[in-house]
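Working notes, beginning with the structure itself.
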Amino acid sequence: MPALPGFRDFYPEDCARRNYVVKTWREVAQTYGFVEYDGPTLEGGDLYRKKNEEGAEILEQLYSFRDRGDREVALRPEMTPTLARMVAAREKHFRKPMKWFCVSNFFRHERQQKGRLREFLQFNADILGESSPEADAEIVALAVDLMRGFGFSREHFVVRLSDRRAWRDFLASRGCDPSQSQAVLACADKIERESPEKLDEKLAASGLTVVDLKNFIAAGSPESFAPVLAALEARGMSDFIEPDLSIVRGLAYYTGVVFEIFDRSKNLRALAGGGRYDNLIKGLSDGASDLPAIGFGMGDVVLGHLIDEIPAADGKRRSVAIPACEVYVVVADEAQRPNALKIVQQLRDQGWKTDFSLKPAKVGRQFQDAEGLSARHAVVVGAEWPAVKLKTLATRQEIAIAHPELTGHLEKLRAGSPG
RNA sequence: GUGGCCGUAGCUCAAUGGUAGAGCUCCAGAUUGUGGUUCUGGCUGUUGCGGGUUCGAGUCCCGUCGGUCACCCCA
């Protein structure tokens with residue numbers, strides 16, 4: 001009986017991978033001064049209805065049901081509504097700008113495919129209460145440094161940076177009705193994938209053509225996000241950034257800078273995406289709170305695929321793997337098992353990852369177990385008690401010492417060995 | 001919701017229409033205190049399920065379920 005479609009079992013190896021990703025997200029976000037928050041997995045269904053009444057798609061992909069109190073509830077498909085709710089409730093308690101991040105699981109009921117599951121982990125970071133380009137740059141820089149934190153470099157990924165204001169100004173200059181702007185942006189988003197004829201059809205009401213859009217994208221029109229680029233350049237991140245107006249993102253609520261991160265080989269879908277949404281908090285909180293905001297999300301699924309693909313990233317993940325066992329205590333003489341247990345407990349008290357055989361076993365077998373656990377050291381407790389043997393498995397070097405000296409010797413070995 | 005591909009042991013996969021196999025993993029051993037190698041033995045199957053064709057179906061046909069990839073969509 002397998003897990004439900006789009007849901008994952010996390011065997012120890014999978015858990016280790018997940019923990020590595022989460023740990024990296026946290027550590028990098030904290031170097032930027034972001035603080036962690038979280039909300040409930042289950043929310044009231046109206047929280048998501050409020051935001052996107054016309055878009056029926058989100059409601060179809062919502063895991064929603066009635067709970068035992070006949071309350072309409074839903075598993076969170078994203079973090080922003082929860083964030084808006086939390087911020088609106090206590091906005092006055094926090095000094096601005098607020099730099100918040102979270103690592104949470106999300107649920108979307110859709111057909112699974114590569115890089116898309118029904119439950120996934122996502123890192124979200126937002127800066128609230130600051131509308132300057134510096135804030136935009138800070139968010140983009142965090143995204144870049146997250147990727148670098150996983151061992152990716154400029155040949156592996158690129159941040160494609162755009163700005164909704166550039167589009168808004170362009171549309172206004174062409175006398176395009178604001179009601180058409182969403183449709184035009186949707187076409188811009190599809191400009192690589194759909195036929196020009198079809199796109200021209202969709203663009204008819206706006207008075208624009210595919211050629212118009214392509215010319216605008218080609219021109220670049222970087223004025224509106226030039227300050228962001230300057231701030232990123234000052235951080236030495238220019239190599240990671242590619243201005244690209246064809247990035248518009250599907251969401252209607254973005255108001256300024258928008259960006260997505262792609263792998264250079266373009267084998268995968270976007271690794272991260274986000275943008276500025278200065279009106280959303282106000283809308284979601286019914287006016288209770290009005291804060292400019294910019295944020296982005298990075299999911300664990302596509303990221304995991306890219307780590308698998310890129311040796312530098314995969315190697316980094318391996319290099320920080322946490323061993324399951326550092327010291328394996330061999331019970332060479334069952335009569336000494338109580339003393340062996342004493343040693344085991346002593347080692348554990350001092351923080352050594354320590355394991356041993358739970359049942360009588362031949363010494364050879366116990367060493368095999370130690371190998372299987374990738375233990376660094378073995379301690380042989382046998383007839384020579386109160387002396388024990390300390391063996392370093394990789395070098396096969398073994399010394400006999402009195403057991404009270406054991407932990408001291410181990411500390412010396414730990415200090416002397418890398419990693 | 002639409003379409004392509006794939007369903008055989010725990011995993012990766014074989015098997016001209018003719019007795020369902022291999023490798024890996026796992027478990028247990030190889031003259032009583034030292035290793036991931038080696039050797040020996042062992043476990044696991046309604047070949048996704050249901051029909052049909054045939055003397056005979058893992059194999060061919062139909063249906064169905066599941067998986068996967070892509071489209072749609074992407075909060």
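Chain letters run A, B, ... following the sequence lines, proteins first and then strands; every chain starts at 1.
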Would you call the rings of A:Phe107 and A:Tyr63 parallel, tilted or perpendicular, where under 30° means parallel and over 60° means perpendicular?
->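 Perpendicular, since the angle between the ring planes exceeds 60°.
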
Could you tell me how far [M] sits from [N] if I compare only their [atom1] atoms? Round to whole Å.
N: B:U44; M: B:A22; atom1: P; result: 13 Å
N: B:U46; M: B:U37; atom1: P; result: 31 Å
N: B:C65; M: B:C73; atom1: C1'; result: 26 Å
N: B:G7; M: B:U64; atom1: C1'; result: 13 Å
N: B:A20; M: B:A9; atom1: P; result: 16 Å
N: B:G56; M: B:G52; atom1: P; result: 12 Å
N: B:U19; M: B:C72; atom1: C1'; result: 50 Å
N: B:G48; M: B:C11; atom1: P; result: 13 Å

Close aromatic pair by centroid cut-off 6.0 Å: A:Phe157 and A:Phe240 = yes

Can we call the ring centroids of A:Trp167 and A:Phe216 under 6.0 Å apart?
-> yes

Using Watson-Crick and G-U wobble pairs whose two distances are both under 3.5 Å, how do you write the pairing of RNA chain B as dot-bracket, with | for links to another strand?
-> (((((((..((((....[..)))).(((((.......))))).....(((((..]....))))))))))))....

Using a heavy-atom cut-off of under 4.0 Å over every strand shown, decide if [X] touches base, sugar-phosphate, or nothing.
X: A:Gln113; result: base
X: A:Val330; result: nothing
X: A:Ala370; result: nothing

Classify the side-chain pair A:Glu326/A:Thr354 by whether it contains a donor and acceptor separated by less than 3.5 Å.
-> no

Is the closest side-chain donor-acceptor distance between A:Gln113 and A:Arg269 under 3.5 Å?
-> yes

If I take atom [atom1] in residue [X] and atom [atom2] in nucleotide [N], what distance separates them, rounded to the nearest angstrom?
X: A:Arg269; N: B:C71; atom1: CZ; atom2: P; value: 7 Å
X: A:Gln368; N: B:U38; atom1: CD; atom2: P; value: 12 Å
X: A:Tyr63; N: B:C74; atom1: OH; atom2: P; value: 19 Å
X: A:Leu268; N: B:A70; atom1: CG; atom2: C1'; value: 14 Å
X: A:Lys114; N: B:C71; atom1: NZ; atom2: P; value: 12 Å
X: A:Arg249; N: B:C74; atom1: CZ; atom2: P; value: 11 Å
X: A:Phe120; N: B:C74; atom1: CZ; atom2: P; value: 15 Å
X: A:Arg118; N: B:U68; atom1: CZ; atom2: C1'; value: 13 Å

Supply the atom-to-atom distance A:Gln366 CD to A:Asp355 CG, rounded to the nearest 0.5 angstrom.
-> 11.0 Å

Is the shortest side-chain N/O distance from A:Lys190 to OP1 or OP2 of B:C71 below 4.0 Å?
->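 So the side chain of A:Lys190 is outside the cut-off, no N or O lying under 4.0 Å from OP1 or OP2 of B:C71.
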
Once hydrogens and angles are ignored, does a donor-acceptor distance under 3.5 Å link the base of [N] to the side chain of [X]?
X: A:Lys362; N: B:U32; answer: no
X: A:Glu398; N: B:U34; answer: yes
X: A:Arg116; N: B:C74; answer: yes
X: A:Glu384; N: B:G33; answer: yes

Given [options], which nucleotide is nearest the side-chain atoms of [X]?
X: A:Arg365; options: B:A28, B:A70, B:C73; value: B:A28
X: A:Gln112; options: B:U68, B:U34, B:C69; value: B:U68
X: A:Arg108; options: B:C74, B:C71, B:G36; value: B:C74
X: A:Glu110; options: B:C73, B:G33, B:U68; value: B:C73

Pairs flagged by ring pair (Phe, Tyr, Trp, His ring centres under 6.0 Å) wherever residues 275-312 of chain A is involved - sequence neighbours left out = A:Phe123-A:Phe296, A:Tyr253-A:Tyr277, A:Phe259-A:Phe296

Would you mind telling me which residue lines up with the more 5' stretch of RNA chain B, A:Pro5 or A:Leu373, judged by nearest nucleotide?
-> A:Leu373

With RNA chain B as reference, determine whether A:His109 or A:Gln397 sits nearer its 5' end, using the nearest nucleotide of each.
-> A:Gln397

Single hit among A:Arg154, A:Arg160, A:Arg264 for salt bridge (charged side-chain N to carboxylate O under 4.0 Å, His left out) with A:Glu242 = A:Arg264

Under the side chain to side chain contact (heavy atoms under 4.5 Å, CB included) test, which residues partner A:Lys342, sequence neighbours left out?
-> A:Asn339

